Undergrad: 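Quick one: this structure, given as structure tokens, is what I'll be asking you about.
Proteins come first, then strands; the chains are lettered A, B, ... in the order of their sequence lines, and each starts at number 1. Quantities reported herein were computed from a predicted structural model and do not represent experimental measurements.
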Amino acid sequence: MKENELPKTVVQGKWFFAHRRVAHELGVRLGEEVGYAIRFEDRTSEKTCIKYLTDGCLLRESLSNPELKQYSVIILDEAHERSLNTDILLGLMKRLVRIRSSNLKVLITSATLDGAKVSSFFSNCPVLTVPGKLFPVEVLYSSESSTSYLESSLKRALDIHIREPPGDILIFMTGQDDIEKMVSKLEEKVLSLEEGSCMDAIILPLHGSLPPEMQVRVFSPAPPNCRRFIVATNIAETSLTVDGVVYVIDSGYVKQRQYNPATGMYSLDIVQISKVQADQRAGRAGRTCPGKCYRLYPSTVYHEDFLDVTIPEIQRSSLAGTVLYLKSLDLPDIDILTFDFLDPPSRESLGDALKQLYLIDAIDESGLITDVGQRMAELPLEPSLSRTLIEANELGCLSQALTVTAMLSAETSLLPTRRKGTEKKRKHPLSDLPDGSGWGDHIQLLQIYEKWDQANYDPQWCIENDLQVRGMKFTKDVRKQLCQLMQKMAEGPLDVQSNRKQKESGQAYRRLRKALCTGYGNQLAERMIHHNGYRTLGYKSQLAQVHPSSVLEMDEDGCLPDYVVYHELITTSRPFMRNVCAVEMSWVMPILKKLEKLNVNKLSGGSSITEENEPRVVEPLGSPKNDAVVSKAPDNLDSRIQAARDRFLARKSKK
DNA sequence: GAGCACTGC
């Protein structure tokens, strides 16, 4: 193959081994004519004609090169998964095919995405259908909805094991807890079966927080006369393909994260799956031979209750990062409120994003991106964290802030999988951390990483201290990447520095907390007067409490700090702030002042963000209550500020 | 006093 014979092609999606295979079939070395790029690894060269990359990487590329001029064919793979990034790319592609109609071809591939809908989105482009190679799957419904899908799955699995011919069983559950319960119940029941009455059994859990060596166990096929039970989350729905599965048991539920723009709060809920998801799960039974799918719900539930398709992520997420990204592209013909999404997010959600960005100085009061915002968009971080880095650079604590943001990027994968009996480890994973972690979780995360640095990044150290090796390595990679990106603007050293002297670290921690306060200007909370509950300080106040896993300390009176910033506000059993950090009132006041001036219609570039068909009396951002908060903000804030000052002075005089 | 599904810029 000679250079330039092939059109420069870029393939976005989950390509797994595709790039290796294509390189192999073309008889070329991977990294030359056929290359790939993922976050921490770019294996392409000048010779590269076909480049595989992730959606995030393609978005990064279009940041510096919005017309993607180096490519003549762009393939968006797995578009049906509707990830946030894929949806942004779909919108950008629509614009690109318009302005590059003569020299660009875009191909969108999807297993289940509604072809007609995508075709009409792309000005009625042609739809090609490639038949799949799946075997037929018989779908069997339960006669009624079960009260406990755990019990029903257990019963169904054993029934299959006893009565049905060989073939592995894949059971879809919602989370780690259920999976662990299910695995131990299955083990118990299988052991109690009469010896020789049926095949042997291997029972395997499968979920995201399982260490990789445990995950790969599902790739080894069952030994002869042995049936595997794979108890999985929806990781087995799309991300991992398990061969040998003939029977699928589908609970009909999934654990899903969603964002409420009216409250600024996430929740993690167990919800019904969509028809597309149910069909995807069933399809997992027909990969190697005809299979069976047992749905633990009646067919009426499937037909009448299930949504046709899963709500795309873009309608379930906070859009601050997305809006900032689009604004930073600075495309003259793109207005964020009218940006052409395949499924547009609500105006409320866009309005929320604009307000958040304004509070952290990423856009000005008329909605234009600021210099700060432009620099933030260059960093592969959520806006709060990129803002923190920029502020930390000004305040001379960039090296510490780099560590904290990197740790938070990996936060959910830092903790080990829970083991029975050793559950209370989180509070003090390291007994000999220096003072200062009482200021909050961010400081503790910093101290943990500094300890690991002192231990020369020894994986064994992670294990001894109950931290996931994978998560810590990810942190290290992120930190390195952020260092490279910050190099140009950095004011001070970037390497991990542990302040050995108590006094120095105290000052560094205070600067860091100040930077965090600026970065999380959209995620502030104020403690209630008589107890340790908090309310969020935004355009709409929410009651929340510090998550019990937090290391934030109380003062000698048993009070938590008056003001905190939080990394995440999420309702599980109750509304919780996760990863909080104490901040000072004097840092908070300017942000509250800014909140007073906030006018969301102006932020959206003058165009009213009010729904068109609604009477004008209706509040711009939804509920009347919310409107009241918006329009009366100055009064509320002034009194709030006054009250806070009084409290502060009262406390001071007491001491 | 609670306990997070999935990715991976």
Undergrad: Ile235(A) near the nucleic acid: base, sugar-phosphate alone, or nothing, with a heavy-atom cut-off under 4.0 Å?
TA: sugar-phosphate

Undergrad: Using whole Å, report how far CG of Leu53(A) lies from P of dT7(B).
TA: 19 Å

Undergrad: Assign Glu378(A) to base, sugar-phosphate, or nothing according to its heavy-atom contacts below 4.0 angstrom with the strands shown.
TA: nothing

Undergrad: Would you mind reading off the distance between Asp77(A) atom CG and dT7(B) atom C1', rounded to a whole angstrom?
TA: 16 Å

Undergrad: Could you state the atom-to-atom distance from CD1 of Ile311(A) to C1' of dC6(B) in whole Å?
TA: 16 Å

Undergrad: Say you draw a straight line from NZ of Lys327(A) to CE of Met376(A); how long is it, rounded to the nearest 0.5 Å?
TA: 13.0 Å

Undergrad: Let me know the distance between CG of Asp177(A) and P of dA5(B), rounded to the nearest Å.
TA: 7 Å

Undergrad: Please give, in whole Å, the distance from dC6(B) P to Ile270(A) CD1?
TA: 13 Å

Undergrad: Would you indicate whether the side-chain heavy atoms of Glu568(A) and Asn579(A) approach each other to under 4.5 Å?
TA: no

Undergrad: Closest to the Thr54(A) side chain: dT7(B), dA2(B), dG8(B)?
TA: dG8(B)

Undergrad: Look at all strands and tell whether Phe474(A) reaches a base, only sugar-phosphate, or nothing, counting heavy atoms closer than 4.0 Å.
TA: base

Undergrad: State whether Arg257(A) places a side-chain N or O below 4.0 Å from either non-bridging phosphate oxygen (OP1 or OP2) of dC6(B).
TA: no

Undergrad: I want to confirm an ordering. Mapping Leu379(A) and Ser573(A) to their closest nucleotides on DNA chain B, which one lands closer to the 5' end?
TA: Ser573(A)

Undergrad: So, using side chain to side chain contact (heavy atoms under 4.5 Å, CB included) as the criterion, who are the partners of Ala406(A) when residues are at least two apart?
TA: Thr475(A), Val478(A), Arg479(A)

Undergrad: Can you list everything that forms a salt bridge (charged side-chain N to carboxylate O under 4.0 Å, His left out) with Glu67(A)? Sequence neighbours excluded, please.
TA: Lys69(A)

Undergrad: Could you check how far CE of Met577(A) sits from C1' of dG1(B), rounded to whole Å?
TA: 14 Å

Undergrad: Do any side-chain nitrogens or oxygens of Gln176(A) fall under 4.0 Å of OP1 or OP2 in dA5(B)?
TA: yes

Undergrad: Could you state the atom-to-atom distance from CD of Gln256(A) to C1' of dT7(B) in whole Å?
TA: 14 Å

Undergrad: Should the heavy atoms of other residues, nucleotides or ligands under 6.0 Å from NZ of Lys275(A) be counted, would the total exceed 12?
TA: yes

Undergrad: Measure the distance from CG on Asp55(A) to P on dG8(B) and round it to the nearest whole Å.
TA: 7 Å

Undergrad: Counting only side-chain nitrogens and oxygens, does Ser83(A) get under 4.0 Å of the OP1 or OP2 atom of dC6(B)?
TA: no

